[in-house]
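Here the structure comes first, spelled out in structure tokens, and everything after it is commentary.
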Amino acid sequence: MALAAAVGLGVLGALLAGLPGGPLAAGVLGALLALQRRLRPHLWADMAFALRALRPLGRAARSVARVANALRALRAPPRPGDTVGLLVGNEPRFVWGWFGLAALGARPAFLGTALRPAGLRHCLRGCGARALLVADDLFGSVEPLLPSLREDGVAVWVLGAGPYPPGVVALQELLDAASEELEPEDVWEPEDMNDTCLYIFTSGTTGLPKAARVSHLKSIMCLSFYDLVGASSQDVVYLALPLYHMAGSLLGIVGCLGIGATCVLKEKFSASQFWDDCRAEGVTVFQYIGELCRYLVNQPQRPGERQHGLRLAVGSGLRPDVWRSFQQRFGPVRIVETYGMSEGNVTLFNYTGTPGAVGRCSFIYKLFSPFEVVRYDVAAGAPERDKAGRCIRARTGETGLLIAPVTRRTPFLGYAGSRELSEQKLLHGVFAEGDEFFNTGDLVEQDEEQFVRFRDRIGDTFRWKGENVATTEVAEALLAHESLQEATVYGVTVPGHEGRAGMAALVLRPGRSLDGPGLYRHLEQLLPPYARPRFLRLQERLEMTETFKQQKVRLARDGCDPALVPEPLFVLDEAARAFVPLDAERWQRLRDGQIRI
């Protein structure tokens, strides 16, 4: 579209030149175009993206009648407004369960498949679930919770034939007998598009997962995701992201429905199988998180790895160096980096393909997705304010906190549970009395060319393997081990790796030593794989601030290099299933990519 606009203006210039007084008009137009190319080189891309964003939506999802009718046939079926936990892996049954519940007006709560029993119960309680719909292959993680679920009044429905313990409902017979027809009048419709449609869990700085409310309007807007990034109904989209995340479900599945594209759903990403999958399935679009692209770049080179039909990769968290390496090695694949949050009210798109940026802040884009970047005091843990108590906008090239106004058009629904959970994400009186802004918790920078670049996350939460890790939850799991007296958890940067790896500074109980294999087994029972700390640092005591807060900033700055840290260091060794001493030789192997963390 940008090319068409430029060509159109060129034709207009030629026509003007042929009219009386035309040479002057054509000269003025040419001068204006030259000035535009110099001052606003991305103007046509900005306008083209804005026009795509304004296109009407009109495609519908396929029928999920059988699941909806099977659930309706239950003795106590889900009612409109009921919350039902959905625990299913990356497979079609996730989509069937999700849409089947939605057709009845129930609110699905997407549950992580790596959750341990305690975390699973917390999530179900947090969103007020009255039932749990679980795949048969994941029932083992639910079975230990059955007594407490009965106590909480949570029904358990299994997508399987059973047999299962008393009180658990096997749905296979109902599914076999259910009609494949669903009349339009039987499909529930929301009265307010800003009401809660579903819940997606996200880790906050308070430690445990929170149930973010996602509205019907936001879900429907995701129909346009792939249209915005330049995909079409002819594309074949490769999706290996967890469906319980917004990126996998709303952007991936709903995005494919929005353009009528084919979706290749992968149960679990495999870097060694990726290009073979792409060739076998005719993949043209890949939805990534940055870590997946790094896995691909780090794979040994193979013949024919540029012989594929992949033309577009879209996602978030891609480092500039990996971005360039990916294109140099695998060919001129167009990359569209994006930014967004399950509960957030701001989304960014880097639709110009500029490496390292998560989006653009052109005046055109801000008309329909407004946001601000304000100065942030890291030591105080809050935005800087002037003498009048108002926030201060960050200068060009200055790192600041990304915030977005909360309005009827850009709402923030908050989290299930107490109002305090949602209030923690809001800023008041930002630029004027009575205004309200959503605090993304992310530090970004706007450059002179209006590109936005992600810099860091505030607070204790850090990102690893595409997941947000809450340090308080990890510390609690560590301190449950009998040999540990104190623990502080933080994220550290590791050469060649995306995000921040978990590291813990530990104080042992008197007379105890670190049991590497035993601590590994202990954490394996309590934490999902991505949340387990990769590095340990043994100390005699933990330093505190004057207000008795743990000194994490200095620890994170020290990092995990044994040449810079005087205390004993340990690294998680998955092959040995233990934490083993980290010396200079092992550190060098890790830096060279010979040891995976």
Side-chain angles (χ1 to χ4, degrees), residues 83 85-86 98 107-112 115 119 122-129 190 192-222 225 241-252 254-255 289 316-317 338-349 358-359 369-372 401-428 430 436-444 454 457-463 466-470 473:
T83 299
L86 182 63
W98 167 17
R107 297 170 176 173
F110 298 166
L111 299 167
L115 284 170
H122 165 81
C123 289
L124 291 170
R125 283 181 164 180
C127 66
D192 186 344
M193 295 304 290
N194 276 323
D195 281 346
T196 302
C197 173
L198 53 88
Y199 295 99
I200 293 179
F201 286 88
T202 178
S203 296
T205 55
T206 54
L208 292 170
K210 295 179 291 187
R213 301 178 185 271
V214 179
S215 70
H216 297 283
L217 179 60
K218 187 169 185 174
S219 299
I220 287 177
M221 288 176 66
C222 290
F225 174 71
L241 304 181
L243 293 182
Y244 57 81
H245 277 189
M246 178 177 175
S249 54
L250 294 179
L251 301 185
V254 174
I289 57 172
S316 59
T338 65
Y339 170 90
M341 303 172 68
S342 301
E343 72 273 42
N345 62 346
V346 58
T347 304
L348 300 174
F349 290 84
V358 298
S369 186
F371 65 89
E372 299 284 351
L401 178 66
L402 178 64
I403 62 176
V406 177
T407 65
R408 176 69 181 175
R409 190 166 60 86
T410 56
F412 167 59
L413 270 64
Y415 307 98
S418 65
R419 181 171 175 79
E420 287 73 16
L421 292 175
S422 301
E423 280 294 326
Q424 293 171 0
K425 295 294 292 183
L426 294 174
L427 298 173
H428 301 277
V430 175
E436 192 173 56
F437 278 72
F438 172 72
N439 177 358
T440 66
D442 288 331
L443 299 175
V444 302
F454 177 84
R457 284 192 61 79
I458 65 172
D460 291 339
T461 300
F462 58 90
R463 198 161 181 82
E467 300 276 357
N468 288 336
V469 182
E473 181 183 6

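Keep in mind that the numbers below use all heavy atoms, side chains included, and drop hydrogens, waters and symmetry copies. Remember, it's a predicted structure, so these values are computed and weren't measured experimentally.
- A 4.5 Å side-chain heavy-atom check between F225 and T338 finds at least one atom pair inside the cut-off.
- The two residues T83 and A109 make their nearest non-hydrogen contact at CG2-CB, 4.1 Å.
- Taken to the nearest 0.5 Å, the OG atom of S422 stands 9.0 Å off from the CG atom of L413.
- Two residues are said to be in side-chain contact when any heavy atoms from C-beta on lie closer than 4.5 Å; R409 and P370 meet this criterion.
- The side-chain hydrogen bond (donor to acceptor under 3.5 Å, both in side chains) check on S342 picks up nothing, with sequence neighbours excluded.
- Expressed to the nearest 0.5 Å, how far CZ of F371 lies from OG1 of T347 amounts to 11.0 Å.
- Contact between S219 and V214 at its shortest, heavy atoms only, is OG-CG1, 3.8 Å.
- L427 contributes atom CG, which lies 9.5 Å from atom OG1 of T440 (distance to the nearest 0.5 angstrom).
- Looking at residues two or more places apart in sequence or on another chain, you find a side-chain contact (heavy atoms from CB on, under 4.5 Å) between D195 and D192, H216.
- The closest side-chain heavy-atom distance from T407 to N345 is not below 4.5 Å.
- The side-chain heavy atoms of T202 and E343, taken from C-beta on, include a pair separated by under 4.5 Å.
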TODO: Give the C-alpha distance, both sets of side-chain angles, the deciding distance and a yes or no for side chain to side chain donor-acceptor pair (under 3.5 Å) between Y199 and R213.
DONE: CA-CA 5 Å; Y199 295 99; R213 301 178 185 271; 3.2 Å; yes
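- When all heavy atoms are compared, the tightest approach of L421 to A416 is CD1-O, 3.5 Å.
- Taking the side chain as every heavy atom from C-beta outward, L250 and L198 approach each other to under 4.5 Å.
- The backbone N or O of L243 sits less than 3.5 Å from a side-chain atom of S249, completing a donor-acceptor pair.
- For the pair S369 and V346, the tightest heavy-atom approach, listed with the atom from each and the gap, is OG-CG2, 4.1 Å.
- With respect to L402, the side chain to side chain contact (heavy atoms under 4.5 Å, CB included) criterion is satisfied by exactly one of N439, V444, V358, L443: V444.
- At a threshold of 4.5 Å between non-hydrogen side-chain atoms, the residues K218 and P411 do not count as touching.
- Rounding to the nearest 0.5 angstrom, the gap separating the CZ atom in R107 from the OG1 atom in T196 is 4.5 Å.
- A ring pair (Phe, Tyr, Trp, His ring centres under 6.0 Å) with F110 holds for exactly one of W98, Y244, F201; it is W98.
- To the nearest 0.5 Å, atom OH of residue Y415 and atom NZ of residue K425 are 5.0 Å apart.
- Applying the side-chain hydrogen bond (donor to acceptor under 3.5 Å, both in side chains) criterion to H122, with sequence neighbours excluded, gives no partner residue.
- Put simply, CG on L241 and CD1 on I289 are 6.0 Å apart, with the number rounded to the nearest 0.5 Å.
- Residues F438 and T410 have side chains not in contact (no heavy-atom distance under 4.5 Å, counting atoms from C-beta outward).
- Using a 4.5 Å heavy-atom cutoff, the side chains of S316 and Y339 are not in contact.
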